[in-house]
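To keep things clear, I will list the structure first and then write my remarks on it.
Numbered from 1 within each chain, the chains take letters A, B, ... in sequence-line order.
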Amino acid sequence: MRAFRYCVDEATASLWRGRGASLLAILTIAIALFVLSGFLVVSSNLERLIARWNDAAELSVYLADDISQEQRISVDQVLARNDAVVAAREYLSKADALRRFKRDFPDLATTADGLASNPFPASFEVRLRAAHSADDAPAKLAAQLRQTAGVVDVRYDRQWIERLSSVADLCRLMGYVLGGILVAAAVVTVTSVVRLALYGRKDEIKIMELVGAPIGYIRGPFVLEGTLQGGLGAGLALAALWSAVLVVRSREYQVVDGLADFSATAFLAPSLAALVVTGGMLVGCVGGFIAARTPR
Amino acid sequence: MIDAQNVSKLYNRSVYALRDLTLKIEKGDFVFLTGPSGAGKSTFLRLLLREETPNKGALRVAGRDLSRLTTRQVQAYRRGVGFVFQDFKLIPRMTVLENIAFVPKVLGAGSVPMRRRTFQVLKWVGLQHRMNAFPLELSGGEQQRVAIARALINDPVLVLADEPTGNLDPDLSLEIMNLFREINARGTTVVVATHDRELIRQVGRHTITLAHGRIVENE
């Protein structure tokens, strides 16, 4: 306990004495962890978005204008047979499609009225079961429907989800690579800063070694100094990231009818934030430890 | 107390700092190590402080072979050895009191016995009135007395001093030597390395003269 108190006193005093250099180390760690955490925030929000889109995944089956009654019933039966994939289905006639267009895009309603004929096809709007939205059953159903007589096109937004999922993966990977490089740079900076502090106290350390002070008393303050720099850097990174998230949340606009709502941007989960702080402290600890080993 | 048997210390292939040094220093002795620069005085003190180990031979202190000590044993050994350097090695940002208390503090001593012992040694070297002064505010003689107080705070069985009067005028040198005599009178073994023959003559103690790493005189 006495040793720990000594280490804390010395580490905080050293941080204050070399506050310029310490600030540099803290900022380096903060930048590294801000980048890493930033990518984590972006990728986790993308994943949430993907999950929402998966839940809301729909299949649109467009029918030919000259489709017969039997063919329409046949398409409906295909959907009914696949009730393990299909949660609900709704038939939209050509007239219903035009009405929906006028409702969703009132500015263009007059343009639609001016057309000689209704250009919108009849369709089945199919809501998929969430359990199947991520596997290939909807894609198989889409393929089967394309082969069915009277069907001119099938739109399934899975490709977008897959692309977004790849973007999220890439984002996370970039975060790890870039964050890894910056974390390595942070370790080097902390090592240099702690080594500077060590150099400034070399006579003190020499005396400690010569009087037989335990290694914990000699190295402890420097390791703790690095750890404190790491913790402060991580705290700063999280504060900056929190501010950035608040700025993003304050944006008024939404994308695709509420599916990408910036005001719902989530911060890091508490466990992940705790991991960032622990990681920052570990980075500083490693830097301090490397520096503290040097004079022996 | 100190038993050196054929101790050699080689810094490069051809230059011996110490060569086949064999000597014995009894417990409670006061010994001067003298000789010209490069004779091996400081090297022998470094071996006794276990900063270095001999390349050949055995150096025992209180029955312990210094070459065979583990890191923890080195720490334990050094707690029984006090040292004084020519350049005092005081910590400029600490006051006199803090410089002396620094040793028990980093050895994990409790604050009450630490303060009591610090005041004791401070009084003994006659610097209690300067306890709040910083090293740079003190004269050379006062700084060396602080260094001696720091060496004594741990009640060492062996005190090593490397040119402790090298930066002091003759009067102050004698004053510092008198402190070492007093330390020795309490039963502590004292080894002082100096090239000041006049000082040795005035103090008049067991003197070992080295030249080129060998003992040339032991009287």
Side-chain angles (χ1 to χ4, degrees), chain A residues 1-23 193-229 285 288-296, chain B residues 45-46 48-52 61 64 66 69-85 87-94 98-114 135 143 146-147 149-162:
Chain A
M1 194 59 204
R2 211 172 274 154
F4 183 70
R5 197 183 312 144
Y6 171 80
C7 290
V8 171
D9 290 348
E10 288 300 311
T12 47
S14 180
L15 266 180
W16 181 246
R17 271 198 303 271
R19 51 193 174 274
S22 297
L23 191 66
V193 169
V194 174
R195 203 171 275 166
L196 258 178
L198 233 141
Y199 185 76
R201 292 171 62 196
K202 63 180 192 306
D203 283 346
E204 215 170 305
I205 291 162
K206 177 82 175 164
I207 291 161
M208 288 169 85
E209 286 177 340
L210 292 181
V211 299
I215 286 173
Y217 273 85
I218 301 173
R219 289 185 187 170
F222 298 105
V223 175
L224 196 64
E225 186 178 340
T227 308
L228 286 175
Q229 286 173 359
C285 180
F289 186 75
I290 293 170
R293 279 178 66 90
T294 316
R296 301 283 301 177
Chain B
L45 291 189
R46 277 201 295 275
L48 284 173
L49 259 175
R50 199 14 184 97
E51 281 193 273
E52 293 170 7
V61 177
R64 282 180 290 198
L66 297 191
L69 299 181
T70 62
T71 306
R72 277 182 187 276
Q73 286 170 332
V74 169
Q75 289 165 4
Y77 164 71
R78 285 177 176 169
R79 283 170 210 155
V81 180
F83 56 87
V84 178
F85 295 104
D87 59 355
F88 324 127
K89 292 214 186 306
L90 300 177
I91 301 162
R93 66 180 173 86
M94 292 183 187
E98 288 165 342
N99 261 285
I100 298 168
F102 179 66
V103 175
K105 189 177 174 186
V106 298
L107 293 178
S111 59
V112 174
M114 179 172 77
Q143 287 190 55
V146 176
R150 187 180 61 190
L152 292 181
I153 193 157
N154 220 19
D155 274 328
V157 290
L158 172 65
V159 168
L160 307 172
D162 193 3

Q. Charged N to carboxylate O under 4.0 angstrom, A:Lys206 versus B:Glu51?
A. yes
Taking side chain as everything from C-beta outward and backbone as N, CA, C, O, which of these in [X] sits under 4.5 Å from a heavy atom of chain A? Side chain, backbone, both or neither.
X        : result
B:Tyr77  : neither
B:Arg50  : neither
B:Ala109 : backbone
B:Val106 : both

Q: Return the set of residues passing side-chain contact (heavy atoms from CB on, under 4.5 Å) with A:Arg2 (not counting sequence neighbours), or none when no residue passes.
A: A:Tyr217
(Q) Tell me every residue that passes side-chain contact (heavy atoms from CB on, under 4.5 Å) with B:Ile91, counting only those two or more places apart in sequence or in another chain. (A) A:Glu204, A:Ile207, B:Arg93, B:Met94, B:Asn99, B:Phe102
**Q.** Shortest non-hydrogen contact between B:Met114 and B:Pro104, atoms and distance
**A.**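 Looks like CG-CG, 3.5 Å.
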